[in-house]
Undergrad: 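Once you've had a glance at the structure underneath, I'll fire off some questions.
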Amino acid sequence: MPELPPPITVVGIGADGWPGLAAGSRAALREAETVVGGPRQLDLLPHDEVTAERVPWPSPLRPAVPGLLAAHAGRRVAVLASGDPMFYGIGRTLAETVGAERLRVLPHPSSVSYACARLGWPLEATEVVSLVGRPLDTLSLVLHPGRRLLVLSADAATPAAVAGLLTARGYGSARLRVLEQLGAPAERHLDGPADGWPHPPGDPLNVIAVDLGDGPRASLVPGLPDAAYESDGQLTKRHVRAATLATLAPSPGELLWDVGGGSGSIAIEWLRAHRDCRAVSIERTPVRAERIARNAAALGVPRLRVVTGPAPDALTGLPAPDAVFIGGGLTAPGLLDACWTALRPGGRIVANTVTLESEALLTEWYRRHGGELVKLAVAHAVPVGGFTGWRQAMPVTQWSAVKPDGEADTRKPETPQENAS
């Protein structure tokens with residue numbers, strides 16, 4: 001059998017540097033022939049103790065990992081990581097690149113563990129959000145009255161940016177505590193309200209603790225108020241939206257195609273269901289596509305991918321979905337066929353319409369593929385003179401089905417067709 005290459009040792013290190021490392025971590029770094037890490041981390045190692053070649057990570061980091069490791073194949077390689085390598089750290093990237101079996105991970109307390117220790121907060125009850133390499137609007141998803149958050153900062157400017165976002169989202173009274181250089185001799189804490197944050201940028205190595213206090217509440221379940229969305233009227237209304245999301249049944253890691261995105265409400269609330277959910281909103285109108293992106297950012301899911309173009313042509317090249325929602329353009333030739341063909345076996349498709357022409361089409365698909373065909377009718381109480389009566393919204397016909405196992409993706413290129421939202 002060929003000799004196995006030596007494992008890659010991943011060493012977590014804190015702001016306290018070499019003195020804070022456990023004996024096993026120090027021994028691994030002394031024995032290494034190559035040590036890879038960020039410049040700040042490499043500078044924490046004493047040259048008289050660690051004699052290995054020091055290699056700083058290039059930028060961007062992730063694409064460079066395979067080539068860098070290949071260049072040092074056969075050597076004893078140690079990789080430095082901030083705190084716990086498997087908590088928003090380089091450990092995940094290495095495991096996905098070379099396989100977890102090639103790694104020997106020596107963790108250090110994370111900045112989150114240090115922060116909870118300083119604050120007396122229970123770690124399991126504290127929401128953690130990383131803004132390292134992520135949009136600031138990601139924070140909006142976890143804003144709820146009375147909650148506590150720990151925010152992993154991208155740099156020295158992050159605390160002021162977080163304070164500004166909190167104020168804009170109605171949480172100006174939130175209390176911020178910025179914990180810099182946790183565990184190091186230079187550790188420092190700053191305190192103040194979000195509204196009028198009083199401190200200039202400090203150390204880039206910081207964690208932000210947030211006591212949210214009072215502010216607007218947002219539901220965790222589908223069916224946000226229609227007023228939560230910027231819209232030109234192309235919006236799946238609240239009660240129908242809640243029923244539609246229940247039928248789509250989002251699950252962690254799954255991908256949704258939202259075809260005929262309109263205001264993006266279905267894709268946005270799919271993403272809000274779990275942080276690992278993925279979605280693509282396909283919208284033919286550029287103005288609406290831009291509006292979808294704004295709605296996604298405002299509601300805490302800026303990761304929503306928006307594709308501008310008419311379906312089914314705009315579907316070409318997209319990854320196969322686990323669920324498809326069609327909210328517009330059902331009568332575009334080939335659209336339903338393209339979506340059904342692309343859908344993974346076991347995946348769900350849901351299509352809504354208010355027109356007789358599209359209803360006839362859905363009835364035919366119901367005949368061919370089964371599933372469920374339902375009519376959703378909602379009425380609202382409104383003033384009628386000095387009394388109150390019901391105003392009926394247009395009823396929505398909804399067809400849903402699960403694609404049987406064994407039907408593969410046999411998509412063929414489609415010609416451009418109009419996709420009305």
Undergrad: Step through the shown structure and confirm whether more than 12 heavy atoms of other residues, nucleotides or ligands are within 6.0 Å of CG on Asp232.
TA: yes

Undergrad: With side chain to side chain contact (heavy atoms under 4.5 Å, CB included) as the criterion, how do Ile292 and Leu304 come out once you've worked through the C-alpha distance, each side chain's angles and the decisive distance to 0.1 Å?
TA: CA-CA 9 Å; Ile292 291 170; Leu304 173 60; 3.6 Å; yes

Undergrad: With the side chain counted from C-beta on, respond yes when Arg62 and Trp57 share a heavy-atom pair under 4.5 Å apart, and no when they do not.
TA: no

Undergrad: Mind listing the closest non-hydrogen atom pair of Val11 and Ser25 along with its distance?
TA: CG1-CB, 3.7 Å

Undergrad: Evaluate Gln41 against Arg54 for side chain to side chain contact (heavy atoms under 4.5 Å, CB included), listing each step before the verdict.
TA: CA-CA 10 Å; Gln41 297 162 339; Arg54 302 181 182 214; over 6 Å; no

Undergrad: Do Ser153 and Asn206 meet the criterion of a side-chain donor-acceptor pair at a distance under 3.5 Å?
TA: yes

Undergrad: Relative to each other, are the rings of Trp399 and His369 parallel, tilted or perpendicular (30° and 60° limits)?
TA: tilted

Undergrad: Roughly how far, to the nearest 0.5 Å, is the CD1 atom of Ile8 from the CG atom of Leu69?
TA: 4.5 Å

Undergrad: For Asp155, what residues pass the side-chain hydrogen bond (donor to acceptor under 3.5 Å, both in side chains) criterion, not counting sequence neighbours?
TA: Thr158

Undergrad: Measuring only between side-chain heavy atoms, which start at C-beta, is Leu362 closer than 4.5 Å to Leu336?
TA: yes

Undergrad: Does a side-chain heavy-atom distance below 4.5 Å link Val301 with Glu269?
TA: no

Undergrad: Taking atom types as modelled, find out whether Arg75 and Thr34 have a side-chain donor-acceptor pair closer than 3.5 angstrom.
TA: yes

Undergrad: I'd like to know if the side chain of Arg241 and the backbone of His239 have a donor-acceptor N/O pair within less than 3.5 Å.
TA: no

Undergrad: If I take atom CG from residue Leu376 and atom NZ from residue Lys237, how far apart are they, to the nearest 0.5 angstrom?
TA: 14.0 Å

Undergrad: What's the separation between atom CG in Leu119 and atom NE2 in His189, rounded to the nearest 0.5 Å?
TA: 7.5 Å

Undergrad: Would you call Leu315 and Leu335 a side-chain contact if the rule is heavy atoms closer than 4.5 Å?
TA: yes

Undergrad: Scan residues 68-116 for pairs that pass ring pair (Phe, Tyr, Trp, His ring centres under 6.0 Å), counting only residues two or more places apart or in two chains.
TA: none

Undergrad: Kindly give the heavy-atom pair with the smallest separation between Cys116 and Thr126, and that separation in Å.
TA: SG-OG1, 4.2 Å

Undergrad: Got His274 and Glu254 here, is their nearest side-chain heavy-atom distance under 4.5 Å?
TA: no

Undergrad: Which of these passes side-chain hydrogen bond (donor to acceptor under 3.5 Å, both in side chains) with Asp137: Arg303, Arg294, Arg169?
TA: Arg169

Undergrad: Examine distances only and state if a side-chain atom of Trp257 and a backbone atom of Pro319 form a donor-acceptor pair shorter than 3.5 Å.
TA: yes

Undergrad: So does Arg148 pair up with Glu127, basic N to acidic O under 4.0 Å?
TA: no

Undergrad: Hey, mind stepping through Leu149 and Val128 against side chain to side chain contact (heavy atoms under 4.5 Å, CB included) and telling me if it holds?
TA: CA-CA 6 Å; Leu149 314 175; Val128 179; over 6 Å; no

Undergrad: Is Thr341 reaching over with its side chain to a backbone N or O of Asp337, donor-acceptor style, under 3.5 angstrom?
TA: yes

Undergrad: What's the spacing between Ile266 CD1 and Asn352 CG if we round to 0.5 Å?
TA: 7.0 Å

Undergrad: Rounded to the nearest 0.5 Å, what separates atom OG1 in Thr9 from atom CG in Leu103?
TA: 9.0 Å

Undergrad: If we ignore hydrogens and angles and just use 3.5 Å, is the side chain of Arg30 paired with the main-chain N or O of Val50 as donor and acceptor?
TA: no

Undergrad: Report yes or no: do Glu283 and Ser281 form a side-chain donor-acceptor pair below 3.5 Å?
TA: no

Undergrad: Measuring from Ile268:CD1 to Asn295:CG, what's the distance to the nearest 0.5 Å?
TA: 5.0 Å

Undergrad: Going by the ring pair (Phe, Tyr, Trp, His ring centres under 6.0 Å) test, which pairs reach into residues 198-221, not counting sequence neighbours?
TA: Trp197-His199

Undergrad: I'd like to know if the side chain of Ser130 and the backbone of Val132 have a donor-acceptor N/O pair within less than 3.5 Å.
TA: yes

Undergrad: Checking Asp195 against Ser173: is there a side-chain donor and acceptor pair closer than 3.5 Å?
TA: no

Undergrad: So Glu230 and Ser263, side-chain hydrogen bond (donor to acceptor under 3.5 Å, both in side chains) or not? Walk me through it.
TA: CA-CA 7 Å; Glu230 179 187 345; Ser263 299; over 6 Å; no

Undergrad: Which heavy atom in Arg272 sits nearest to a heavy atom in Ala218, and how many Å separate them?
TA: NH2-CB, 4.0 Å

Undergrad: Determine the minimum heavy-atom distance between Gly215 and Pro145, stating which atoms define it.
TA: O-CG, 3.2 Å

Undergrad: Under the side-chain hydrogen bond (donor to acceptor under 3.5 Å, both in side chains) rule, what do Gln181 and Asp203 come out as? Steps first, then yes or no, please.
TA: CA-CA 7 Å; Gln181 290 283 336; Asp203 195 286; 3.1 Å; yes

Undergrad: Look only at the side chain of Arg26 and the backbone of Trp18, and say whether a donor-acceptor pair between them is shorter than 3.5 Å.
TA: yes

Undergrad: How about Arg92: does its CZ atom have over 12 heavy atoms from other parts shown lying under 6.0 Å from it?
TA: no

Undergrad: So which atom in Ala32 and which in Ala52 form the shortest heavy-atom distance, rounded to 0.1 Å?
TA: O-CB, 3.1 Å

Undergrad: Side chains of Ser82 and Arg40: is there a donor and an acceptor less than 3.5 Å apart?
TA: yes

Undergrad: Taking C-beta and beyond as the side chain, do Arg278 and Asp322 meet within less than 4.5 Å on heavy atoms?
TA: yes

Undergrad: Determine yes or no for a side-chain-to-main-chain donor-acceptor pair under 3.5 angstrom, with Arg284 supplying the side chain and Thr308 the backbone.
TA: no

Undergrad: Please evaluate residues Val280 and Asp258 with respect to the criterion side chain to side chain contact (heavy atoms under 4.5 Å, CB included), reporting the C-alpha separation (whole Å), side-chain torsions for both, the decisive distance (0.1 Å), and the verdict.
TA: CA-CA 6 Å; Val280 181; Asp258 178 10; over 6 Å; no

Undergrad: Please tell me if the side chains of Val162 and Leu136 come closer than 4.5 Å, counting only heavy atoms from C-beta onward.
TA: yes

Undergrad: Please confirm whether the backbone N or O of Thr355 pairs with a side-chain atom of Ser358, one donor and one acceptor, at under 3.5 Å?
TA: no

Undergrad: Between Lys403 and Gly347, is there a donor-acceptor pair closer than 3.5 Å when you use the side chain of the first and the backbone of the second?
TA: no

Undergrad: I'd like to know if Asp211 and Arg177 make a salt bridge, using a cut-off of under 4.0 Å between side-chain N and carboxylate O.
TA: yes

Undergrad: Ignoring hydrogens and geometry, is there a side-chain-to-backbone donor-acceptor pair from Glu31 to Arg76 under 3.5 Å?
TA: no

Undergrad: Taking all heavy atoms of Cys339 and all of Val259, pick out the closest pair and write down the distance.
TA: SG-CG2, 4.1 Å

Undergrad: Evaluate the criterion side-chain hydrogen bond (donor to acceptor under 3.5 Å, both in side chains) for residue pair Gln398 and Thr244; output intermediate values, then yes/no.
TA: CA-CA 8 Å; Gln398 180 182 92; Thr244 299; 3.2 Å; yes

Undergrad: Answer yes or no: is there a side-chain heavy-atom contact under 4.5 Å between Val79 and Ile90?
TA: yes

